[in-house]
> 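This is the structure, below, for whatever I ask next.
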Amino acid sequence: MQIYLVGGAVRDRLLDRPGGDRDWVVVGSTPDAMVAAGFRPVGKDFPVFLHPDTQDEYALARTERKHGHGYHGFQVYAAPDVTLEDDLVRRDLTINAMAEDAEGRVIDPHGGQRDLTDRVMRHVSPAFAEDPVRILRVARFAARFPDFTVADETRTLMRQMVDAGEVDHLVAERVWQELARGLMEERPSRMFEVLRDCGALARLLPELDRLWGVPQRADYHPEIDTGVHVMMVLDMAAQLNTPLSVRYACLGHDLGKGTTPADILPRHLGHEGRSVQLLQAVNARLRVPNDCRELADVVAREHGNIHGSGNFGASAVLRLLGRCDAWRKPQRFAEVLLACECDARGRLGFSDQPYPQGVRLQRALSLGQAVDTARVSAEALARGLKGPAIGEAIDRAREAALAALDD
C-alpha cells in the first residue's frame, strides 16, 4: 500500500496558500484491505474511505471510462494494478494533477508546477471533455485564482464541449454546488467571464447571459453595460466579505433589465418585477436553497425603493420595512441592505462611496423595534379593537416613533 497526498493540497502548498481539505490516493490496495486497516467506506460511485483518526478522505487509485452523457456517465475501475500515474491522468487541470509522497517529493507528470509558475489553467488530457462539470470547475478556479488565465487549447475544448451539448446534461444540484462555491471566491466575476467565453453561461443561466450589451443610463451607471454592472456588484460583494445569500441576491437583482423593451432603453421601467419573475424560474431550475431564494426575491423587488428611501417620510419607510418583513426578520433585512449597498457601490467611480440609505433604514428599524408592541396591543384590546385593527394600532405607534428618524 502506497499513499500519496494529491490535488488541491499539493497545489496550494506550492502556491504558499492556506490549505483546505487534504485528499489522499492509495495505490496497491483493495476495499477489504482498507476496511481491515480501520478505514470507513463512504464512496458511492467509487471506493473512498475516511481515515479512522483524521477523517481525511482516502480514495483507491482509479481509472474512469465514459459511457454516457453528463456527470454520471462513467465506468470506474479501481484495483491494485492501477498506478498513481493512471490516477493523475484522469484529473482535470495540470495544477490539480500533482501528488506528494511521504518524503515530501512532488510527482508531477503533466507539468503542473510549470503552469503554476506561468499562472495557467490547462487540461491534463482529452479526457477532460468527458465530464462537463470540469467546465464549471475551471470557471470556479478562475474566480479563486484571478491572476490565472485559461490555456487557449483548454478554452477551445470547453467551447467544443458546450457545442456538443454536454453542459445540457448537468444535474441541477451539481450546477448549483459549483456556482455557489464560485460565488464565494475572491473574484466571482471571473467565473462568469469564463462561462460566457465558452458559451456555457447561455446554456446554464440565459437570464444572466443576456444582460451583456444591454445599456443603462450613463448618469446613474457610468459603466453603461448591465452585465458589466452586475459583475461589479458581485465583486463588491466579495470585497465586503458577504455571505452566499447576499452574493446570490446581487447576481439576480437586475435580471429583468435583460427583457426591457428596446424602445424604452436605456431606461428600465418595471425591471424589478421582471427580475422577480425570472429569479423564480432560475430558483426552480437550479433548486436554489430557501435562504438564497428569499433574500434575492426581496432585493430584486425592493432595491429601487431602498436606493430612493433617503427622501421617504416616516409613513413610506414604515411601509417599506413591512414589505421587507423587517420586523420579523431583522437579520435578513440587514443582508438586504448589504446587497443594496453592493449594488450602489458596484458602479464605475462609486466603489468608495458611502451608502447612507442603509444607515438610515437600520436606524428606522431600531426606532420601530423600541416600540412596546405588547403594551400597544393590550391598550388596543382594552379599547375593544380586534384582529387587523390591533396591527394598525401597532403601525401607528411605530410610525410615531419614526418621526424621530432624521433628528
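All values reported here derive from a predicted model rather than from experimental measurement.
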> Out of M191, M184, R174, which one pairs with L179 under the side chain to side chain contact (heavy atoms under 4.5 Å, CB included) rule?
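Single pass found, and it is M191.
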
> With a 3.5 Å distance limit and no angle check, can you tell me whether S366 reaches the backbone of Q362 through a side-chain donor-acceptor pair?
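Such a contact is found between S366 side chain and Q362 backbone.
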
> For N311, look at atom CG and say whether over 12 heavy atoms of other residues, nucleotides or ligands are found less than 6.0 Å away.
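No, CG of N311 has 12 or fewer neighbouring heavy atoms, counting only those of other groups under 6.0 Å.
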
> Under a 4.0 Å threshold between the charged nitrogen and the carboxylate oxygen, would R140 count as salt-bridged to E178?
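Result for this pair is yes, salt bridge flagged.
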
> Are F39 and Y58 close enough that their ring centres sit under 6.0 Å apart?
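Distance test on ring centres: under 6.0 Å, yes.
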
> When rounded to the nearest 0.5 angstrom, what is the spacing between SG in C292 and CG in L183?
8.5 Å

> Which is it for D87 and R91 under the salt bridge (Lys or Arg N to Asp or Glu O under 4.0 Å) test, yes or no, and what are the steps along the way?
CA-CA 7 Å; D87 185 273; R91 295 176 181 268; 2.9 Å; yes

> State whether R287 and E173 are salt-bridged, where the test is any N-O pair (Lys NZ or Arg NE/NH1/NH2 against Asp/Glu carboxylate O) under 4.0 Å.
yes

> Do R217's NZ or CZ and the ring of Y220 fall within the cation-pi criteria of under 6.0 Å and 45°?
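No, R217 does not sit over the ring of Y220.
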
> For the atom pair CZ (R11) and CD (E100), what is the distance rounded to the nearest 0.5 Å?
13.5 Å

> I'd like to know if the side chain of E223 reaches the main chain of V228, judged simply by a donor and an acceptor atom lying under 3.5 Å from each other, with no hydrogens or angles considered.
no

> Salt bridge or not between D16 and R13? Use side-chain N to carboxylate O under 4.0 Å.
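No, no charged N to carboxylate O under 4.0 Å.
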
> Would you call D147 and R119 a salt bridge, taking side-chain N to carboxylate O under 4.0 Å as the test?
yes

> Looking at K257, H229, R347, which hits side chain to side chain donor-acceptor pair (under 3.5 Å) with Q216?
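So, applying the side chain to side chain donor-acceptor pair (under 3.5 Å) to Q216 and each of K257, H229, R347, only K257 qualifies.
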
> Which atom pair, heavy atoms only, marks the closest approach of R360 to F312?
NH2-O, 2.9 Å

> Are the side chain of R363 and the backbone N or O of L405 linked by a donor-acceptor pair below 3.5 Å?
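Side chain of R363 to backbone of L405, a donor-acceptor pair under 3.5 Å: yes, one is there.
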
> What are the two closest non-hydrogen atoms of L88 and A99, and how far apart are they?
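Nearest pair, atom of L88 first, then A99: CD1-CB, 4.3 Å.
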
> Verify, without hydrogens or angle tests, whether H268 (side chain) and T260 (backbone) share a donor-acceptor contact under 3.5 angstrom.
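Here the side-chain-to-backbone pair does not exist.
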
> Mark yes or no for whether N96, through its side chain, and D92, through its backbone, hold a donor-acceptor pair below 3.5 Å.
no

> Can you tell me how far CG of L361 sits from CZ of F333, rounded to the nearest 0.5 angstrom?
4.5 Å

> How about W176 and Y248: are their ring centres within less than 6.0 Å of each other?
yes

> Is there a salt bridge (Lys or Arg N to Asp or Glu O under 4.0 Å) between R181 and E185? Walk through the geometry before answering.
CA-CA 7 Å; R181 294 177 70 180; E185 298 290 4; 5.9 Å; no

> What are the two closest heavy atoms between A33 and S29, and how far apart are they?
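Here A33 and S29 meet closest at CB-OG, 3.5 Å.
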
> Taking only Lys NZ, Arg NE, NH1 and NH2, and the carboxylate oxygens of Asp or Glu, determine whether D297 and R293 approach each other closer than 4.0 Å.
no

> Can you give me the closest heavy-atom contact between V120 and A151, atom names plus distance?
CG1-CB, 3.8 Å

> Applying salt bridge (charged side-chain N to carboxylate O under 4.0 Å, His left out), which residue pairs with at least one partner in residues 321-333 are found, sequence neighbours left out?
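Qualifying pairs, neighbours excluded: E294-K329, E294-R332, E302-R323, D325-R328.
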
> I'd like to know if the side chain of T154 and the backbone of V150 have a donor-acceptor N/O pair within less than 3.5 Å.
no

> Evaluate the criterion salt bridge (Lys or Arg N to Asp or Glu O under 4.0 Å) for residue pair R122 and D115; output intermediate values, then yes/no.
CA-CA 8 Å; R122 188 189 320 275; D115 285 340; 3.0 Å; yes

> Do E153 and L157 come within less than 4.5 Å of each other through their side chains, counting heavy atoms only?
no

> Check whether T54 reaches the backbone of H51 with its side chain - one donor and one acceptor, N or O, closer than 3.5 Å.
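No, T54 side chain to H51 backbone: no donor-acceptor pair under 3.5 Å.
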
> Determine whether a donor-acceptor pair (N or O, by modelled atom type, separation under 3.5 Å) exists between the side chain of H253 and the backbone of C250.
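Yes, H253 side chain to C250 backbone: donor-acceptor pair under 3.5 Å.
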
> State whether the number of non-hydrogen atoms from other residues, nucleotides or ligands found under 6.0 Å of R17 atom CZ is greater than 12.
yes

> Does the side chain of Q369 reach to within under 4.5 Å of the side chain of P330, using non-hydrogen atoms?
yes

> Checking D225 against W212: is there a side-chain donor and acceptor pair closer than 3.5 Å?
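Per modelled atom types, W212 and D225 side chains form no pair under 3.5 Å.
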
> Can you measure from CG (L295) to CG (L338) and round to the nearest 0.5 angstrom?
9.0 Å

> For A281 and E207, which heavy atoms make the closest approach, and how far apart are they?
CB-OE2, 4.5 Å

> For residues L318 and S315, determine if any side-chain heavy atom of one lies less than 4.5 Å from a side-chain heavy atom of the other.
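Side chain of L318 against side chain of S315, heavy atoms only: no contact under 4.5 Å found.
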
> Going by ring pair (Phe, Tyr, Trp, His ring centres under 6.0 Å), name the pairs with one or both residues in residues 106-131, residues two or more places apart or in two chains.
H123-F128

> I'd like to know if the side chain of T242 reaches the main chain of A238, judged simply by a donor and an acceptor atom lying under 3.5 Å from each other, with no hydrogens or angles considered.
no

> Would you say the side chain of L84 lies within less than 4.5 Å of the side chain of V25, judging by non-hydrogen atoms?
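Yes, at least one pair of side-chain atoms sits under 4.5 Å.
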
> Does any N or O in the side chain of R274 come within less than 3.5 Å of the main-chain N or O of L269, such that one atom is a donor and the other an acceptor?
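Side chain of R274 to backbone of L269: a pair is present.
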
> Determine whether the aromatic ring centres of H307 and Y355 lie less than 6.0 Å apart.
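So the answer is yes for these two rings.
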
> Less than 4.0 angstrom from a charged side-chain N to a carboxylate O is my criterion; do E166 and R203 meet it?
no

> Would you say the side chains of D235 and S189 form a donor-acceptor pair under 3.5 Å?
yes

> To the nearest 0.5 Å, what is the distance between SG on C342 and CE on M236?
7.0 Å

> Check for me whether R398 meets the cation-pi criterion with W327, that is, NZ or CZ under 6.0 Å from the six-membered ring centre and within 45 degrees of the ring axis.
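R398 over W327 ring: yes.
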
> For a quick test of reading the model, state the closest non-hydrogen atom pair linking F49 to P41 and the distance between them.
CD2-CA, 3.6 Å

> Within this structure, what is the CG-CZ distance for the pair D197 and R190, rounded to the nearest 0.5 Å?
10.0 Å

> Do E335 and S245 come close enough that some side-chain heavy atom pair is under 4.5 Å?
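Answer yes - side chains close enough.
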
> Is the H303-H271 ring centre distance short of 6.0 angstrom?
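Under 6.0 Å, so yes.
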
